[in-house]
Participant: 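Mind having a look at this structure? Questions to follow.
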2 protein chains.
Amino acid sequence: MLFLQMTISLTEENYIKAIFNLSNSNNIGVSTNSLSNHLKNKASSVTDMLKKLADKKLIHYKKYKGVLLTPKGEKIAINIIRKHRLWEVFLMEKLNFSWDQVHDIAEQLEHIKSDELIKRLDNFLGKPTLDPHGDPIPNEKGKFNEIKSMPLNECKILKEIIFIGVKNHTISFLKYLTSIGLGIGDRFRIEAINNFDNSYQIKVKKNNLVFLSNDLASNILVKIKNE
Amino acid sequence: MLFLQMTISLTEENYIKAIFNLSNSNNIGVSTNSLSNHLKNKASSVTDMLKKLADKKLIHYKKYKGVLLTPKGEKIAINIIRKHRLWEVFLMEKLNFSWDQVHDIAEQLEHIKSDELIKRLDNFLGKPTLDPHGDPIPNEKGKFNEIKSMPLNECKILKEIIFIGVKNHTISFLKYLTSIGLGIGDRFRIEAINNFDNSYQIKVKKNNLVFLSNDLASNILVKIKNE
DNA sequence: TTAAATTTTTAGACTTACCTAAATTTATTT
DNA sequence: AAATAAATTTAGGTAAGTCTAAAAATTTAA
Ligand SMILES: [Mn+2]
Ligand SMILES: [Mn+2]
Ligand SMILES: [Mn+2]
Ligand SMILES: [Mn+2]
């Protein structure tokens, strides 16, 4: 079979994105089960799709071994992520959505197919490098500007901190952070660490002290001021 | 079977939109063949879908009789058109696309599902009432602000004219109009009508005379100045 | 008003993207 | 090193949306 301009379905795009997101920096393949959990499809459905993606040379697939994206597959994944994050910026900056509302809409918008549209959207937004959750936006060539950060619960000393991202992107978590007055870019100070349960007390600007469980702190990505 | 929030697939949306666009002001049902031509699907496929849309109470369907939208179906159609035209305005006004580029991208964007998004987009654009092709944008309640216009080839007298819309939306037609310096809102004067082939000569602003075949003129919607 | 042409529907199949149930392979325990 | 458990694949099915070919209904023309 010959196809000059391979088309990739919305479903295939979502699988490719899932494989990308589940890939670790080490080169361990993504398991069928992890994809099954992530996409909420049965493992047998995942296997079907993996065969198809392998036929299209978008993934490396060997029965029972787990999968990795080919360079071609990775390029597609990164482009979808670029579109997703640019649309999130648009929704937040131009349409005044809050950071907990943008993801679900961007899940739809990321599948719109038009390179010209994304080029112009990028320009319109001033070529942003970070999305509303602090995640890097890959450039036109697919290059990520990696930001070094650590989860708050790895900070063991009382220091001035900058809040630069979230690990968890659920609406409830984002809304909670908003409710305690915490937004990307904010500076705060660790006032106390309870070494029984590793919970934190922080002081956000002029606000009162806020208590954070270790679980909460583990989903807050920070960097230490002046480091 | 019980469903509280009926979901309508992208394919169903396109059929509903097609039925709306092919419906005349008179109450003659839309034929299977006309839908088949418009959607470039076989008539048998159309029949299958009509049965499904009828089951969902979105159209009135009687075998061999042609179809009409129910009020519910019409509401859906108008909402899709509203979204399409708002996105066209966005693409043109904010992203500087030309009027011949916006339609194809809007065909994708019109299917994005989020009432909140459209409300905010509408506000962001300043609640426009016309799209880049001069077509009216229905308001949130689905009301069209009908503009009275006539095809240029129905003007039989030499008069000052305002160009307010196009009947044909193909890229080549729109590009041609651009090439002769004609855009929505422009004023021009009919300088001559050749009564052999009903072709027109018009003068656009300070430009030279432009020759328009009757076919071309029939796709240019105008109103007569001061009327 | 019958015959021919056209339109529309029905019947049966195919593809995509899912599913359940039953193998099969790989990993973990005794 | 078996036995058991877990992960993965295969086999067989379903629903949505398409198709071709054939039958039926409607329209048009003789
Ligand atoms: Mn997101
Ligand atoms: Mn994000
Ligand atoms: Mn359009
Ligand atoms: Mn338009």
Participant: Nearest heavy atom decides the nucleotide; on that basis, is Asn41(A) or Ala43(B) closer to the 5' end of DNA chain C?
Facilitator: Ala43(B)

Participant: NZ of Lys51(A) versus C1' of dC18(C): gap in Å, rounded?
Facilitator: 14 Å

Participant: So among His133(B), His111(B), His169(B), His103(B), which one has a ring pair (Phe, Tyr, Trp, His ring centres under 6.0 Å) with His84(B)?
Facilitator: His103(B)

Participant: Does Asn33(B) place a side-chain N or O at less than 4.0 Å from the phosphate oxygens OP1/OP2 of dT8(C)?
Facilitator: yes

Participant: Would you please say whether a donor-acceptor pair under 3.5 Å links the side chains of Ser213(B) and Asp215(B)?
Facilitator: no

Participant: Taking OP1 and OP2 of dT9(D), is either one under 4.0 Å from a side-chain nitrogen or oxygen of Thr47(A)?
Facilitator: yes

Participant: Does a side-chain N or O of Lys42(A) approach OP1 or OP2 of dA21(C) to a distance below 4.0 Å, or not?
Facilitator: no

Participant: Can you confirm whether the side chains of Asn41(A) and Tyr15(A) place a donor and an acceptor under 3.5 Å from each other?
Facilitator: yes

Participant: Name every residue in residues 8-30 of chain A that has at least one heavy atom under 4.0 Å from any atom of DNA chain C, in order of residue number, or write none if there are no such residues.
Facilitator: Ser9(A), Thr11(A), Tyr15(A)

Participant: Taking atom P of dT10(C) as reference, at what distance in whole Å does atom CG of Leu50(B) sit?
Facilitator: 11 Å

Participant: Going by salt bridge (charged side-chain N to carboxylate O under 4.0 Å, His left out), name the pairs with one or both residues in residues 17-28 of chain B, residues two or more places apart or in two chains.
Facilitator: Lys17(B)-Glu107(B), Lys17(B)-Glu110(B)

Participant: In whole Å, what is the span from the CE atom of Met49(A) to the C1' atom of dT15(C)?
Facilitator: 12 Å

Participant: State which residues pass side chain to side chain contact (heavy atoms under 4.5 Å, CB included) with Ser9(B); sequence neighbours excluded, sorted by chain then number.
Facilitator: Thr11(B), Glu12(B)

Participant: Rounded at 0.5 Å granularity, tell me how far CD1 in Ile224(B) sits from CD in Glu154(B).
Facilitator: 10.5 Å

Participant: Give a yes/no answer on whether the side chain of Tyr61(B) brings an N or O atom under 4.0 Å of OP1 or OP2 in dT8(C).
Facilitator: no

Participant: Hey, what are the protein-to-nucleotides 11-13 of chain C N/O distances that come in under 3.5 Å?
Facilitator:
none

Participant: Nearest 0.5 Å, what's the CD1-CG distance between Ile78(A) and Asn139(A)?
Facilitator: 9.5 Å

Participant: I'd like a table of atom pairs between the protein and nucleotides 22-28 of chain C - only N or O on both sides, under 3.5 Å - with the distance next to each one.
Facilitator:
residue: dT25(C); atom: O4'; partner: Tyr64(A); partner atom: OH; Å: 3.3

Participant: Would you check if there is a donor-acceptor pair between the side chains of Asn198(B) and Lys156(B) at a distance under 3.5 Å?
Facilitator: yes

Participant: Can we say Lys83(B) and Glu88(B) salt-bridge, meaning some charged N sits less than 4.0 Å from an Asp/Glu carboxylate O?
Facilitator: no

Participant: Give every donor-acceptor pair under 3.5 Å between a side-chain atom in residues 19-31 of chain B and any protein atom, sequence neighbours left out.
Facilitator:
residue: Ser23(B); atom: OG; partner: Ile19(B); partner atom: O; Å: 2.7
residue: Ser31(B); atom: OG; partner: Ser34(B); partner atom: N; Å: 3.0
residue: Ser31(B); atom: OG; partner: Ser34(B); partner atom: OG; Å: 3.0

Participant: For the residue pair Phe124(B) and Phe90(B), categorise the inter-ring angle as parallel (less than 30°), tilted (30 to 60°) or perpendicular (more than 60°).
Facilitator: tilted

Participant: Nearest whole Å is fine: how far is dT6(C) P from Asn37(B) CG?
Facilitator: 14 Å

